[in-house]
Amino acid sequence: MNFNNYVFAAPYFGWLLRGAANTVMISAMTATLALLVGIPVGILRQMAPAFVRVVLAGFITLFRNMPLVPFLLFSVFVAPDFFLQCTGKAIPIGFEYWLFIVCVALNASGYIADIVRSGLRSIPEGQVQAGRVLGLSPRQVIFRILVPQAVRISTPALGTRLIHTMKNTSVAMVLPIVVDSLDVAGQGARIAGECFAWAEPLVFAAGTYLVFSLMLEALLWYICRNPLLTGREYDAA
Amino acid sequence: MTPPEILRTLVFGFPVIKECLDTAWPIFIQSLGGLMLSFFITIGSLIGGAILGMILALMRFTPVEEQAKRFRFRPVVLIGSSVEWFIRGLPIMIIVLLFNYLPFALFKLRVPGAILAVGAFSLYGGAYFSGVFLGGLRCVSSDLRNASRVLGLSSLQTLIHIRIPIAVRTMLPALLGITVTLFKDSSVLVVVAVPELMYTARQMAFSSPSDYAPVLGTTLLLYWIIATMISGLARLLEQHWDGAVSR
């Protein structure tokens, strides 16, 4: 183990730092996209008309049971052919990066949809009926009764899933992504490709992930003890 | 390649070269390939993860009667929790890579990749198992135990007829969920050249570029079908036992 030569040396440390910054960026984009897709899917899966619910159930099953690595390899290596046949043009360079973000986000959105849905399902039917009897409109029932409680119930699980998504971005290394936009694990593999030293950059990358997940866990803990979110559900925790 | 050939190679892997096997380690594991190796790694890491998870859960377990008391410093609980936190904080990709490269970097030890993979996934599964086992240990309330003792069951009978059935019913769907995760995540072994399903598929696709779509598509379908079958089984069990747990 020689950290001075392979981690804290001239080009390598810069690569790793840039990789860490890229991990933050990729995770932020993936999380945003996953929430944007997952939350509406989860809500509609619970409340939309029957045929929409069947389609969305298919969507959730499809992406929840899809392993990430085969999904990424399939889309990255089959997409160029498909694109060529559809549009007659070659796919632009650097598409793998965006395809990677979309695939990881879709994978996470299946889980997020299920979390949102279980948050909605956990509210007893009686509360909706009681709200209607008391004279609230359906819209008011949704925004005054269902949504506040569902948000409260599903926030911890959503946060855990987003931390998991952050860790999942480390599979970028299996794809032919431009080296400058690789994440920290990918930069570790790049150093290993240059000088056959796997262990040292990997230990650095592992430390980075531990620090990131510790920070996100602290943030989640802080969010969950916000007075707006602490209902009786969290008194025990 | 014809479709039957593609499927056969994906399921059983490439033929093994006898000279490449390391005779110091079991030959059986090294001669597996393709989907069969994925299954072997999943099952091996289920067993290893269950053992590790039980140890971690027992370290972290504090009986319900003691939870009401004021906070006491318990080093064993602290060690168990931090080991679990440490493993959960790392992506499986990093765990797999560390398991593959650290033994040689630290101890100059050469171990076949498949065995290291089972070790890495046992560690990963163990962290998730420990949470499930902890839930299983806690879910039988002391009232229920006391009631069964009052009704005249011995403590062994209480264990067999009351505690284990309830714990199993609580834990089994979650355990199947972890099994699905382990099976799906075994595809990251593609980066360390363990010849499981994804690695076999990638080598096949890259050696004949005209087969990209059929080979990678079949692989994706195989993973998806098996994962869906296991999670469907978990859902069936959950529905079958719905409501029977808390009574």
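Just so we're clear, the structure is a prediction, and the values are computed from it rather than from any experiment. Just so we're on the same page: letters track the sequence lines, and every chain starts at 1.
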Tell me, for [X] versus chain B, whether the close heavy atoms (under 4.5 Å) come from the side chain, the backbone, both or neither.
X: Ile163(A); result: neither
X: Val69(A); result: both
X: Glu200(A); result: neither
X: Val211(A); result: neither

Heavy-atom pair of closest approach, residues Met173(A) and Leu97(B) |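 That would be CE-CD1, 3.6 Å.
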Which pair of heavy atoms, one from Ala213(B) and one from Phe74(A), lies closest together, and at what distance?
->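 Distance-wise, the nearest heavy atoms are O-CE1, 3.9 Å.
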Partner chain A: residue of Ser187(B), Ala105(B), Ser186(B) with the largest heavy-atom pair count (under 4.5 Å) | Ser187(B)
Heavy-atom pairs under 4.5 Å with chain A are the metric here; pick the option from Leu102(B), Val191(B), Leu98(B) that has the most.
->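 Among the listed options, the one with the most contacts to chain A is Leu98(B).
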Quick one: of Pro70(A), Ala205(A), Ser213(A), who has the most non-hydrogen atom pairs under 4.5 Å with chain B?
-> Pro70(A)
Sorted by number, residues from residues 55-63 of chain A in contact with chain B (heavy atoms, under 4.5 Å) |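 Within residues 55-63 of chain A, the residues under 4.5 Å from chain B are Thr61(A), Leu62(A).
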Contact listing (chain B partner; residues 100-124 of chain A; heavy atom under 4.5 Å) | Tyr111(A)
Where the side chain of Lys167(A) meets the backbone of Arg88(B), is there a donor-acceptor pair that is under 3.5 Å apart?
->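 Judged by distance alone, yes, a pair lies under 3.5 Å.
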Atom [atom1] of [X] with >12 non-hydrogen neighbours under 6.0 angstrom:
X: Phe3(A); atom1: CZ; value: yes
X: Arg18(A); atom1: CZ; value: no
X: Phe82(A); atom1: CZ; value: no
X: Trp85(B); atom1: CH2; value: yes

Which of residues 176-184 of chain B get closer than 4.5 angstrom to chain A, counting heavy atoms alone?
-> Lys184(B)
Going by residue number, which parts of residues 216-234 of chain B are within reach of chain A, meaning a heavy-atom gap below 4.5 Å?
-> Leu216(B), Gly217(B), Leu220(B), Tyr223(B), Trp224(B), Ala227(B), Thr228(B), Ser231(B)
Pick one of side chain, backbone, both or neither for Val190(B), based on which atoms fall under 4.5 Å of a heavy atom in chain A.
-> side chain
Where on Tyr199(B) is there a heavy atom nearer than 4.5 Å to chain A: the side chain, the backbone, both, or neither?
-> neither
Of Trp198(A), Phe196(A), Tyr6(A), which is the lone residue that meets ring-ring contact (aromatic ring centres under 6.0 Å, His included) with Tyr101(B)?
-> Trp198(A)
Is the closest side-chain heavy-atom distance between Met198(B) and Val174(A) below 4.5 Å?
-> no
Could you tell me the separation between the CD1 atom of Ile92(B) and the NE2 atom of His164(A), rounded to the nearest 0.5 Å?
-> 9.5 Å
Out of curiosity, Leu90(B) CG to Leu210(A) CG, how far, rounded to the nearest 0.5 Å?
->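 Those atoms lie 4.5 Å apart.
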